[in-house]
> 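Please find one structure pasted underneath; my questions will follow.
What you see is a predicted model, and the numbers here were worked out from it, not measured in a lab. Ligands are counted one by one from 1 in listed order, and the atoms in each one are counted from 1 as well.
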Amino acid sequence: MKKQKLENYQNAVKDVKSKVKYDGSHPELAARLEKEILDTNPGVKWDDVAGLSDAKRILQETVVLPLFMPEYFQRIRRPWRGVLMFGPPGTGKTLLAKAVATECGMTFMNISCSSLFGNWYGESERLTRCLFELARAHAPTMNFIDDIDSLCKHETSRRLKSELLVQIDGLNNSNSTSGKMVTLLAATNFPGNLDEALRRRLEKRIYIPLPYFETRKELIQINLKSIELAPEVDIEQVAQKTEGYSGDDLTNICRDASLNGMRQKIAGKTIHEIKNILKSEMLKIPVTMEDFLEAVDKIKPTVSSGDIQRHEKWYSEFGSS
Ligand code: ADP
């Protein structure tokens, strides 16, 4: 979509949203949820997400285009009911969901199954209904449901899961008729725990792997965009040394390396002396290759090879491409 056209669309959506009022049957619950999980502008751009080109392509087709061309995505071309992103933790699933929502001017509802439903134990069916009512009131909305596998873990979540299945089925019908698009994007680090009923509703299942070499390079560059680097810093070498690290691990390495110059500068100084160091002087300290090598040494990858095998096995059985 052309940039100007996209901006016009996003402004039109903002205008509509500023007039939105929830008039469902659970106003108090809705008010609390609005505070806890609703984000009208997640502010993550497509380019903030390194790599993951396959996932971006699938999300374009499953979420972005149906929103822009609802007439085309009818009948056999109807949008996929639900989309699942699975893969090790810290690989950019949440970031990508926010980027899609930002790109489409969608309201972002960040629903963490394990924390949210745990806190509202006993009210979870009411809560689920309210979540979807709220999503419709703020449409176009992305319902991002994280740790969705946790719904299949406990017997106690059974009724909640049934209600969620009902809501997902209803979503499909209301999307095609009202034009108020609500998209369900779920994420899990344990796809093997999903039962058949949920798996069937999550029709597209996208694997979000650990970053490959090129993605690691891009991710380091994104993280260091506004940071002063010493001329000898070799990002390719850092990318080579970090095979098996997640995007989150790599971000931690960049953060740690970028703080090292400050650590050296203040070593042995009193707080009073530190206060007297000019801010501009501190900002000018470049990050060196040594800072990176030290950080790589210190920070270990969080994902095990067993984890990767588990995901790849599930991908070969149930994944989409
Ligand atoms: P997940 O939802 O897969 O557990 P997140 O999306 O929460 O992971 O990622 C955690 C952090 O790791 C992000 O906020 C970002 O700093 C970094 N990150 C992970 N993957 C990427 C990526 N592909 N591009 C840019 N940053 C990433």
> Given Asp249 and Ser246, is the side-chain contact (heavy atoms from CB on, under 4.5 Å) satisfied, shown in steps?
CA-CA 5 Å; Asp249 297 335; Ser246 71; 3.1 Å; yes
> Compile the protein residues with any heavy atom at a distance under 4.0 Å from an atom of ligand 1; present them by chain, then by number.
Asp48, Val49, Ala50, Leu52, Pro89, Gly90, Thr91, Gly92, Lys93, Thr94, Leu95, Leu219, Gly247, Asp248, Thr251
> Say whether Asp147 and Ser150, considering side chains only, have a donor N or O and an acceptor N or O under 3.5 Å apart.
no
> Please report the interatomic distance OH(Tyr245) to CG(Leu210), rounded to the nearest 0.5 Å.
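It comes to 12.0 Å.
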> Applying salt bridge (charged side-chain N to carboxylate O under 4.0 Å, His left out) to Asp39 and Lys98, what does each step give before you reach the verdict?
CA-CA 10 Å; Asp39 186 352; Lys98 288 184 177 172; 5.6 Å; no
> Flag the pair Glu196 and Arg201 as a salt bridge only when some basic side-chain nitrogen lies within less than 4.0 angstrom of an acidic carboxylate oxygen.
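Salt bridge between Glu196 and Arg201, a charged N being under 4.0 Å from a carboxylate O: no.
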> With no hydrogens and no angle check, just 3.5 Å: does a side-chain donor-acceptor pair link Gln240 and Glu236?
no
